[in-house]
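Note that ligands are numbered from 1 as they come in the structure, with each ligand's atoms numbered from 1 the same way.
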Amino acid sequence: MTIEAFQKQIEAIYYKRDAERGVPLTFTWFVEEVGELAKEIRKQPQDMERLREEFADVFAWLVTLASLLGISLEDAAQIYAQGCPKCEATPCVC
Ligand SMILES: [Zn+2]
């Protein structure tokens, strides 16, 4: 699945509800999900399935925020297509 396809899928599932909630509240949900990812990363031993789910949740909330603000993450990711956006090297040399 491309980033664009993922963003469209998340929009199809959640856009209406997310738009009604609005950006400020949706952002707090996103931060909450980042907190859940942090907890999962710290857990010992790590549960790879739970970790995988938390990464998916954080990505889904990030994508939702981008959609609400009219940003294509596929397009935004192009900033890194030619290497580091500052020095343009891969790996970065700045
Ligand atoms: Zn660099």
task: Look up atom CD1 in Ile41 and atom CD in Glu54, then write down how far apart they are to the nearest 0.5 Å.
output: 9.5 Å
- line: Here the ring-ring contact (aromatic ring centres under 6.0 Å, His included) pairs for residues 75-94, sequence neighbours left out, are none
Less than 3.5 Å apart, which donor and acceptor atoms pair up between the side chains of residues 57-73 and the rest of the protein, not counting sequence neighbours?
from, atom 1, to, atom 2, distance (Å)
Thr64, OG1, Asp18, OD2, 3.0
Thr64, OG1, Ala60, O, 3.4
Ser67, OG, Gln7, NE2, 3.0
Ser67, OG, Glu11, OE2, 2.6
Ser67, OG, Val63, O, 3.2
Ser72, OG, Glu74, N, 3.4
Ser72, OG, Asp75, N, 3.1

Please output the side-chain donor-acceptor pairs of residues 25-32 that fall under 3.5 Å, not counting sequence neighbours, one pair per line with the distance.
from, atom 1, to, atom 2, distance (Å)
Thr26, OG1, Arg21, NH1, 3.2
Thr26, OG1, Gly22, O, 2.6
Thr28, OG1, Leu25, O, 2.6

message: Salt bridge check, Glu36 against Lys39: does any charged N sit closer than 4.0 Å to a carboxylate O?
response: no
field: Pair Glu53 + Arg50: basic N to acidic O under 4.0 Å
entry: yes
query: How about the Zn ion (ligand 1), which protein N, O or S atoms come within less than 2.8 Å?
result: Cys84 SG, Cys87 SG, Cys92 SG, Cys94 SG
